[in-house]
Amino acid sequence: MQAWRVHTTGEPREAMRLEDVPEPVPGEGEVRLRVLAAAVNFPDALLVRGQYQIRPPLPFTPGVEVCAETEDGRRVIANPALPHGGLAEYATAPAAALLPAPDSLDDAEAAALHIGYQTGWFGLHRRARLQAGETLLVHAAAGGVGSAAVQLGRAAGATVIGVVGGKAKVRTAEELGCDLVVDRTAEDVAARVKEFTGGRGADVVYDPVGGDAYTASTKCIAFEGRIVVVGFAGGTVPTPALNHVLVKNYSVLGLHWGLYALRDPAAVRDCHAELTRLAATGAVKPLVSERLPLAAAADAVQRVADGTTTGRLVVLPARDGGTRP
């Protein structure tokens with residue numbers, strides 16, 4: 001089979017090699033999957049760079065989120081078991097963690113439903129306890145993680161403010177249904193949020209960026225507001241000023257979705273059932289901006305690493321194109 005492999009960590013375009021390798025052999029409790037579609041995630045870039053909290057043995061195949069077919073013909077969503085990741089024709093994954101792919105989504109959309117939407121749902125509902133009528137601020141609203149949070153916020157009845165970088169991403173966020181879109185490259189984020197909310201600020205902030213995005217959030221967080229820290233795609237890990245947290249009476253909440261998969265897998269399954277329901281009603285639909293062949297995977301991972309994409313890039317290794325409903 002063909003698989004992208006990393007022998008030495010570095011930038012994706014240089015470090016990833018497309019090779020002919022034997023099909024992976026499942027370990028204990030694992031199954032082999034034929035990959036129909038693999039969504040490219042920022043953690044894939046961190047894995048290739050050697051900067052992720054998990055460091056699989058070299059060589060490894062990146063790709064942490066797939067829609068795939070089991071050997072008995074079931075269409076499933078899975079997180080592949082590294083080092084046999086999803087940017088390949090075949091991967092392995094824990095059998096107990098497989099989830100049914102929603103019938104309402106094609107393979108590319110189903111592959112993009114899992115990590116970003118699970119993270120968004122747990123962040124907004126389990127951590128921030130978002131309520132209908134509240135104002136939700138989403139950073140990187142046109143990206144894969146942010147677009148999921150925008151849709152989930154709208155489904156929960158929140159007013160959604162999207163923060164993006166650049167005019168092209170403004171259009172994407174508007175099409176997603178944001179009530180207000182702020183271009184951080186041309187506008188003062190905190191000032192625009194305060195103006196839009198009549199000085200109150202945002203009740204919940206969803207931040208996968210960190211750095212300046214986090215700083216802006218602290219300037220426009222509402223009384224008893226909640227900032228959900230999801231990641232640091234901007235490259236800078238902020239240092240919260242706890243005196244400011246105290247004086248303005250807001251909360252800073254961390255979210256590591258992988259811990260739910262480890263400590264409360266039943267909650268993950270319940271969340272998937274809710275996401276499947278929302279997908280069936282059309283309330284959520286993964287924003288797949290490009291469907292790419294396996295040969296383009298290294299370039300796709302590099303583009304996600306560089307922050308130049310909108311929505312999700314999805315690689316389709318399957319010979320049938322990965323487009324079955």
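Keep in mind it's a predicted model, so treat the numbers as computed, not measured.
- Cluster membership check: L87 shares its hydrophobic cluster with V304, using side-chain heavy-atom separations under 4.5 Å among Ile, Leu, Val, Met, Phe, Trp and Tyr.
- If you chain together hydrophobic residues whose side chains sit under 4.5 Å apart, L113 and L98 never meet in one group.
- What you find for A213 and D207 is that their closest heavy atoms are CB-OD1, 3.9 Å.
- The two residues L176 and A141 come nearest to each other via the heavy atoms CD1-O, 3.5 Å.
- The two residues T197 and T135 make their nearest non-hydrogen contact at CG2-CG2, 4.1 Å.
- L287 and V170 sit in two unconnected hydrophobic clusters of ILVMFWY residues. Membership requires side-chain heavy atoms under 4.5 Å apart, directly or through other members.
- Summarising the local packing, CZ of R32 is surrounded by more than 12 heavy atoms from other residues, nucleotides or ligands at distances under 6.0 Å.
- Side-chain heavy atoms closer than 4.5 Å link hydrophobic residues (I, L, V, M, F, W, Y) into clusters, and following such links, even through other members, never connects F196 to V164.
- No hydrogens or angles considered: nothing links the side chains of D306 and T308 as a donor-acceptor pair under 3.5 Å.
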**OP:** Report the C-alpha separation of V35 and E89 in whole Å, then their side-chain angles, then the decisive distance to 0.1 Å, and conclude whether the side-chain contact (heavy atoms from CB on, under 4.5 Å) test is met.
**Re:** CA-CA 5 Å; V35 179; E89 292 181 299; over 6 Å; no

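- Note on E290 versus R303: salt bridge recorded, some NZ/NE/NH1/NH2 to OD/OE distance being below 4.0 Å.
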Original post:
C178 and I161: side-chain contact (heavy atoms from CB on, under 4.5 Å), yes or no, with the steps?
Top reply: CA-CA 6 Å; C178 288; I161 301 172; over 6 Å; no

**OP:** Report the C-alpha distance between L58 and V6 in whole Å, list the side-chain angles of each, state the deciding distance to 0.1 Å, and finish with yes or no for side-chain contact (heavy atoms from CB on, under 4.5 Å).
**Re:** CA-CA 7 Å; L58 298 168; V6 175; 4.2 Å; yes

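- The main-chain N or O of G116 is never found under 3.5 Å from a side-chain atom of T119 such that the two would form a donor-acceptor pair.
- The pair R291-D106 counts as a salt bridge, with a side-chain nitrogen and a carboxylate oxygen less than 4.0 angstrom apart.
- One finds a salt bridge joining D299 and R13 here, because a Lys/Arg side-chain nitrogen approaches an Asp/Glu carboxylate oxygen to under 4.0 Å.
- Taking each heavy atom of A3 and A88 in turn, the nearest pair found is CB-CB, 3.4 Å.
- For residues 131-153, the set of pairs meeting the salt bridge (Lys or Arg N to Asp or Glu O under 4.0 Å) definition, not counting sequence neighbours, comprises E134-R226.
- Within 6.0 Å of CG in D212 there are 12 or fewer heavy atoms belonging to other residues, nucleotides or ligands.
- Around NZ of K219, the count of heavy atoms belonging to other residues, nucleotides or ligands within 6.0 Å does not exceed 12.
- With hydrogens and angles left out, the side-chain atoms of Q118 and Y260 include no donor and acceptor closer than 3.5 Å.
- Judged purely by distance below 3.5 Å, without hydrogens or angles, the side chains of E19 and H7 pair a donor atom with an acceptor atom.
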Original post:
Going through the checks in order, is the side-chain contact (heavy atoms from CB on, under 4.5 Å) test met by V229 and L255?
Top reply: CA-CA 6 Å; V229 177; L255 175 67; over 6 Å; no

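- The existence of a salt bridge linking R75 and E69 is excluded, since no basic side-chain nitrogen approaches an acidic carboxylate oxygen closer than 4.0 Å.
- Hydrophobic clustering keeps W4 apart from L33 (ILVMFWY residues linked when any side-chain heavy atoms are closer than 4.5 Å, directly or through intermediates).
- The residues E109 and K285 are annotated as salt-bridged, a charged nitrogen and a carboxylate oxygen being separated by less than 4.0 angstrom.
- Between I221 and K248, the shortest heavy-atom distance links the atoms O-NZ, 3.7 Å.
- Remark: Y250 pairs with H244 by the ring-ring contact (aromatic ring centres under 6.0 Å, His included) rule, at least two apart or across chains.
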With a 3.5 Å cut-off and sequence neighbours excluded, list the donor-acceptor pairs that the side chains of residues 271-280 form with protein atoms.
from, atom 1, to, atom 2, distance (Å)
H272, NE2, P100, O, 2.7
E274, OE1, R277, NE, 3.0
E274, OE2, R277, NH2, 2.7
T276, OG1, H272, O, 2.8

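- Here the closest heavy-atom approach between residue G86 and residue A91 is recorded as CA-CB, 4.3 Å.
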